[in-house]
Amino acid sequence: MSELRLEDVDAGYGSVCVLEGLDLHVPTGSLTTVLGPSGCGKSTLLRVVAGFHRPSAGRVVVGDRVVADRATSVPPERRRVGIVPQEGALFPHLTVAENVGFGLRRGGARQTRVDELLELVGLTGLAARRPAELSGGQQQRVAVARALAPGPAVLLLDEPFSSLDAGLRADVRAEMRAALRATGATAVLVTHDQEEALGMADAVAVMRGGRIVQHADPATVYLAPADLGVARFVGETVVLSGRAGAGVVATRLGPLPLVANGNAPTGEGLAVLRPEQLLLRPDPRAEYEVLDIVFHGHDATVHLAARDGSSRPLQARVQGMVPVRSGDRVAVAVHGTALFYPVDDADDPVSRGLLR
Amino acid sequence: MALVALLPLGYLGIRALERGPRAALEVLLRDRTLDLALRTLLLAGAVTAACLVLGVGTAWLVTRTGLPGRRALAVLLALPLAIPSYVAAFTWISTWPGIAGFSGAFIVLTAVSYPLVLLPVAASLRTADPALTEVARSLGLSPWHTFLRVTVPQVRSTATAGSLLVALYVLSDFGAVSVMRYDAFTTGIFTSYRASFDRVPAAVLGVALVLVAVVLAVTELRARGTADRHDRSARATGGLVGSVDPVRLGRWKLPALAALGALVVGATGVPVAVLVRWLTTRRTELDLPELLDATAATLQLAGLGALATTVLALPVGLLVARRRGPYVRSVELAAYAGHALPGITIGLALVFVGVRLLPGIYQRTPLLVLAYVVLFLPLAVGTIRAAIAASPRALEEVARSLGRGRLAVLLLVTIRLALPGIAAGAALVFLTVTKELPATLLLRPTGMDTLAAEMWSRTSVAAYGAAAPYAAMLVVVAVIPAVVLDRVLRRTRTRVDAAAAGTPS
């Protein structure tokens, strides 16, 4: 296993640019998820690394070997980059064992290696089956075993769980994570599912508009998003306009302490909270009214509006028993710190629209 | 590859203009030519209209109504495609000699070619989302208005494409019109070629026929493109296909059943019954060694034709399935154009090429095999392309990332997975070669008689009893690859166009 490095990579189809100056570094033995909305270039990123698509600028380095730059393009079969496509793409004419052994040289060691990998993904008894006789989750596990068999330097997974049922997905995901850990694989998994991205990886790279906008551990990405767009993409947000100064931001919910991260912002901007930071208390004289309650099972979202209509609706997330009902008046308190993005950081039209 | 198809035609054009454009124009404007053109167009128009009505009607009856036995009927109704037009014509005329001429040609060609409309229309009715009809009903439309405003638009372009195929089939048909002694363009070309040493009239007529056929084929291609787009957008997106409640026919049930029954009897029952009758009552005229010789010759030619065509079609199929761009598009079109070429003109063109340019193989097997390649390359390319396009590209990419080189991936994955489709293409060509008549008549080596040629020459002198064993053997020889083909296609679910199954003979 070795590290993967993309430096200032541009790629596109015809005149359409999909990747623009993309930088990404995946350290040896770690699992990074690339999270982004559909059409942000995630799949192109994988195709560039695997060697199916040639970048128009920049370098791709696997270990200490340049596999793609202006002058060279190592063909896919010599890159030692394994790939697990969406839906698995197992060879329908081969058995499970033959699929796993496809990338191995003939010989005695081949059978041993196939057995070893089938055991790793928990499919020992199914070696003689055909792909059509497997469930979706089993197919996905065979696809991972097949990609790992030749001992690739880097493993790429393209939304590998998107075709599975929600119930099955969590199990397969956990097993795959364990299998990857066990082999110490350097892996990149692309997905548009925030839960998957945050829950599986050592690091999350958030992709937007053909570049990586934030690359950090999952907690940092969620708790300290690089900008408003990332904050809104990785989870639900409560956005309030406010004025920052002296470590606090003044909003209609009162002064909120800011995250102490070294720089002290000042001036107009947007304060961002997560819905679970809002605490509700019934109070007949309070200025907020409960519009609606959406029950999720483990928690519920409470939609609030100011009675005088002077601000946008807010959402609070409440665990367990919900202490209020639709039409109740509630007082809103905030716990924890707020994030603050100055106005000129409001980089997309949506966040500009939130400033009101 | 496209050159193989276009070169003989180019040469046909050269021969047509050999004595200058004035002479060619003079041939075109002869009363005889105009008469042939008129008669051919009349026949094509009548058959197309009849097939459109029969095809759409039967398709709707077997897919959307609660008619008892409609599944079995759907299979029976498609059978005529497997019967060569001249065999059907033989069975009709040998039973009712009075129908020779327009009415006979009209009946026989309608009976063998209505499935060209029925099959694609039924397929698009089956895949169309029944929810569309249900929504229309829930918005207050009566069943009849729903049919007119929802169902008809759904199948309109498919039906158009199917009708154009029928027109193309009639235009190119040589067997049925010659057996029915109806003077059409194809028989006119043949007589003109046989009757005089002056090759210019035959060549001019040949070129004219090709031009009309190509116009029809291009129109068909466009209509089919529209149909495919409609099918894709109307395809069920999640609901259960076919879960829609069938239309109840009420008191129309019996008339509908009677009409379908009559169609099955006329199109399939008559040929089968007549063949069986001839075979069981007129044994004396059978010359067994001659029949076996003709069978052997037919099998040999079909085998060679299928082999040569498949080998040449493989690279074209790979190219058009996996690459995009104007060059590939033009290769595809050129290969497709072959599908529009009437057998009689390809035969004629290769006669000219053989006489002037390749005297070494004229009236020998290689030239005839070349004619089969030109005629049936599109069939094989179509099937191979569909088979290759059906296997996801991701499989090839995975194989590359697992360390296998380009060539290994091509053999181990791409071709391996397409193998059933490639075999199906070969079987299809084999089947079609056994039925081919006009090019075989013109180009067969001296002394080599195929089943089709033997049958035709006996029928043309009204020796129906002597023709019957050849007709029966032809059906047997054609049925074997048809069964193989059906098995393969069912297993792999490769789609073959109706166009591929019904080739004019």
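Numbered from 1 within each chain, the chains take letters A, B, ... in sequence-line order.
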**Q** Is there any residue in residues 102-109 of chain A with a non-hydrogen atom under 4.5 Å from a non-hydrogen atom of chain B, and which ones are they?
**A** A/Phe102, A/Gly103, A/Leu104

**Q** Quick one, B/Glu397 and A/Pro76 - any side-chain contact, counting heavy atoms below 4.5 Å?
**A**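 No, side chains not in contact.
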
**Q** Looking only at heavy atoms, which two atoms of B/Leu395 and A/Phe91 are closest? And how far apart?
**A** O-CE2, 3.3 Å

**Q** Is A/Ala149 close to chain B through its backbone or its side chain, or both, or neither, when contacts mean heavy atoms under 4.5 Å?
**A**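 When you check distances to chain B, no heavy atom of A/Ala149 falls under 4.5 Å.
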
**Q** Name each donor-acceptor pair under 3.5 Å that joins a side chain in residues 302-319 of chain B to protein atoms two or more places apart or in another chain, with its distance.
**A**
| from | atom 1 | to | atom 2 | distance (Å) |
| --- | --- | --- | --- | --- |
| B/Thr309 | OG1 | B/Gly305 | O | 2.5 |
| B/Thr310 | OG1 | B/Ala306 | O | 2.6 |

**Q** Please find the pair of heavy atoms, one from B/Leu412 and one from A/His93, that lie closest to each other, and give the distance.
**A** O-NE2, 3.2 Å

**Q** Taking heavy atoms only and a threshold strictly under 4.5 Å, list by residue number the residues of residues 35-57 of chain A that touch chain B; give 'none' if the list is empty.
**A**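 Interface residues of residues 35-57 of chain A: A/Arg47, A/Phe52.
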
**Q** Has A/Arg78 got more than 12 heavy atoms of other residues, nucleotides or ligands less than 6.0 Å from its CZ?
**A**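 Open.
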
**Q** For A/Leu90, is it the side chain, the backbone, both or neither that has a heavy atom under 4.5 Å from a heavy atom of chain B?
**A** backbone

**Q** Among residues 116-133 of chain A, which ones touch chain B with a heavy-atom distance under 4.5 Å?
**A** none

**Q** So what's closer than 4.5 Å to chain A heavy atoms on B/Arg416: side chain, backbone, both or neither?
**A**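 Side chain of B/Arg416 only, per the 4.5 Å heavy-atom cut-off to chain A.
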
**Q** Please classify the contact between B/Leu417 and chain A as side chain, backbone, both or neither, with a heavy-atom cut-off of under 4.5 Å.
**A**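 Contact with chain A is through the side chain of B/Leu417 alone.
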
**Q** For a 4.5 angstrom cut-off between non-hydrogen side-chain atoms, does B/Arg404 reach A/Glu77?
**A**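 A side-chain contact is absent here, since even the closest heavy-atom pair is not under 4.5 Å.
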
**Q** Counting only non-hydrogen atoms closer than 4.5 Å, does B/Ala408 touch chain A with its backbone (N, CA, C, O), its side chain (CB onward), both, or neither?
**A** neither

**Q** Do you know the tightest heavy-atom contact between A/Pro85 and B/Val398?
**A** CG-CG2, 3.3 Å

